[in-house]
Amino acid sequence: MIHLFDTLNGEIRPLNQRDEGCVSLYACGPTVYDHPHLGHARQAMTYDVLRRYLEWRGVTVHHVANITDIDDKIIARAQREGTTEEAIATEWKTVYDQIMDRLSILRPHDRPHATGYIDEMVAFIQTLLDNGSAYANDSGVYLRVHRVEGYGDLVHRSLDDLRDGAGARVEVDPNKEDPLDFALWKAAKPDEPTWPAPWGAGRPGWHIECVAMSLGILGDGFDLHGGGSDLVFPHHTNERAEALAAGRSFAQHWVHNAMVNIGGEKMSKSLGNYTTVEALLDEHRDNARALRLALLQTHYRKTMEINPEVMAQARAGLERLDAMGRKAVAAGVPTDASERDAPAVTAFVGAMDNDLGTPEAIATVFETIRRANGALDAGSEEAAVLVATALDLAGALGLFLETTGRDGTDRTIDDLVAARTQARTDRDFAEADRIRDQLTELGVVVEDTPNGPIWHRS
RNA sequence: GCGUCGGUGCCCGAGCGGACCAAGGGAACGGCCUGCAAAGCCGUAAAGCCGCGGGUUCAAAUCCCGCCCGGCGCUCCA
């Protein structure tokens, strides 16, 4: 069984399954109001890889990710653009989905919208009011943090430590009994969307939606909650506090992926130093897969830089991976053999089960590729199994290798390649090289193999 | 300051007590292959004190202590 680092106790421990053979996963989704940046991509990719791997192992995964469609940023943008919050959310969710599709990130099974869970949130808050964990006043409803035992456990801070921080850095809100208390519900303000509630109209606070939705869909004691490391506090800490205050059993395991840095600093909206995923994808047609490879080559808990050089290196690695598929096809070796190379699979599984060791796992893929290439060159019987194994293992991580270099639509290129072959047959190498230069200008690379030439786009 | 994660070759990046001690990728060099290439295979890279200093151990990049440096969190944030 897979072992994962658990933020709560700081240990790598087995991911227990509440229901045998099924993993319930809640990964915090986006607030939809702007272009997704590379940090969003890393977050989504992390849980996509985890899910794909578990499914590849035969585990059923119930993957839930929220869509936050009401919050301060959305309201601000709607007001700026003179439109509705709903319109903003719809617009940017569409963009988000398109980007995730381009990254080959599987859609979560459930994608609840915050505004679709207002009733559940209201009921949840009522429970907290009823049992004295929360209090309401003119400005909203707040959670009494000091009543939650182990409130700071996820961030490994004592209540006093946290209070120091809150007192020192944040302007103390006179509406709160304690600076650490946080809003479950924000009272209605002019020009903001509001929903009715027993204690007064308003809108939900940030954390309550995730609690209502995760518990509502996955149920008490679900297996795994994930998100970016910057969510540990306050978001996840507060989600957990709400659930515990309500007497509910919350996530049993907490996973957090590290940040993407740009020039050594966190890439983020508020710092304004972010690169949109769209811009990166538009830079090169292979960048979606290259980004996935780059991410896989770094452990998910390690901060990483993403820049043009990193992307270029990833593309070079990708080219190496793809070349094997082309060779196999050219040699007439099937790519869909059912047998697998056991040592490679064992190494791969061992790496992945150890806290999602994708760098080591991808290394076994590269090694398998090298062995496959050798077998292909030697015309060995082993080739088919090694090729299929490499493709299968890469696929388990969501990295799909090309098994054909050409798209079959461009007759001109086929004709040029054929002409070059003819020239070579005629031993008119000057002409052959001239045609090859012509192809190069078209962005096409020709490779001669014992089975004739093959080509692919550079 | 407090919490947390980290500091490994030209670059990226695994390894987290034990075979003359470091995976994999990129870049470089040599050989084979090729008409020449590309791709591939094989090999190499005359200097990595595995941040620094102690310690534990028969044995440490891997454990402990101290220090230096960096990321993230303590505020909306993936």
Side-chain angles (χ1 to χ4, degrees), chain A residues 5 7 10 27-31 36-47 71-73 152 155-158 160-166 168-171 206 226-235 237 256-261 264-271 274 293-294 296-299 301-305 309-310 312-324 326-327 330 347 351 354 357-367 369-378 405 424 427-430 432-433 436 440 445-450 453-456 458:
Chain A
F5 183 86
T7 309
C28 281
T31 299
H37 67 229
L38 261 23
H40 296 102
R42 185 176 196 187
Q43 191 272 146
M45 193 80 86
T46 299
Y47 300 101
D71 95 315
D72 294 348
K73 301 269 178 55
V155 260
H156 305 283
R157 306 296 307 279
S158 72
D160 286 340
D161 285 347
L162 287 166
R163 198 166 277 127
D164 284 350
R169 292 173 184 262
V170 188
E171 197 179 328
W206 177 27
S229 63
D230 54 352
L231 295 183
V232 174
F233 188 92
H235 189 233
T237 292
H256 292 94
N257 58 279
M259 301 291 97
V260 172
N261 276 191
E265 223 179 9
K266 182 173 78 157
M267 174 179 298
S268 83
K269 291 284 182 69
S270 45
L271 293 177
Y274 65 93
L293 178 59
L296 288 171
Q297 286 186 306
T298 305
H299 188 84
R301 283 195 290 119
K302 183 163 180 168
T303 306
M304 73 180 292
E305 289 272 344
E309 192 185 348
V310 167
Q313 288 193 5
R315 265 184 260 119
L318 197 59
E319 168 55 24
R320 180 170 160 73
L321 296 174
D322 282 340
M324 180 208 70
R326 291 199 300 270
K327 262 174 83 165
N354 180 203
T358 56
E360 225 184 316
I362 204 70
T364 72
V365 172
F366 274 104
E367 280 170 31
I369 295 263
R370 178 170 45 73
R371 293 169 58 207
N373 280 326
L376 250 15
D377 283 350
R424 291 184 70 222
R427 303 196 68 74
D428 182 357
F429 298 120
D433 289 348
R436 185 165 63 198
T440 301
V445 179
V446 195
E447 299 170 1
D448 294 322
T449 81
I454 57 179
W455 64 267
H456 67 281
S458 59

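Here is the naming used below: chain letters follow the sequence lines, and residue numbers restart at 1 for every chain.
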Practice task
May I ask you to verify whether the side chain of A/Gln297 and the base of B/G25 hold a donor-acceptor pair under 3.5 Å?
Solution key: no
Handout entry: Base B/A37 paired with A/Arg436 side chain (donor-acceptor, <3.5 Å)
Key = yes
Exercise for the section: Name the nucleic acid region contacted by A/Val445, choosing base, sugar-phosphate or nothing; use a 4.0 angstrom heavy-atom cut-off, strictly under. Expected result: sugar-phosphate
Problem - Check: A/Arg301 side chain, B/C5 base, donor-acceptor under 3.5 Å - result: no
Handout entry: Nearest-Å distance once atom C1' is located in both B/C11 and B/A19
Key = 30 Å
Practice task
Using the aromatic ring of A/Phe233 (for Trp, its six-membered ring), decide whether it stacks on the base of B/G73 within the limits of 5.5 Å and 30°.
Solution key: no
Exercise for the section: Compare the minimum distances between each of B/G40, B/A78, B/G3 and the side chain of A/Arg157, then state the nucleotide with the smallest one. Expected result: B/G3
Problem - Canonical and wobble pairing (Watson-Crick, G-U, under 3.5 Å) of RNA chain B, dot-bracket with | - result: ((((((((.[[[..)..(.....]]].(((((.......)))))......[[[[[..)....]]]]])))))))....
Problem - Side-chain donor/acceptor contact of A/Lys266 with base of B/C72 under 3.5 Å - result: no
Practice task
Using heavy atoms to find the nearest nucleotide of RNA chain B for A/Asp448 and A/Gly374 separately, return the residue whose nucleotide is more 5′.
Solution key: A/Asp448
Problem - Any A/Lys302 side-chain nitrogen or oxygen under 4.0 Å from OP1 or OP2 of B/A14 - result: yes
Exercise for the section: Could you say whether A/Ala312 or A/Lys327 is positioned toward the 5' end of RNA chain B, judged by the nucleotide with the nearest heavy atom to each? Expected result: A/Ala312
Problem - A/Phe5 six-ring centre to A/Arg301 NZ/CZ under 6.0 Å and within 45° of normal - result: yes
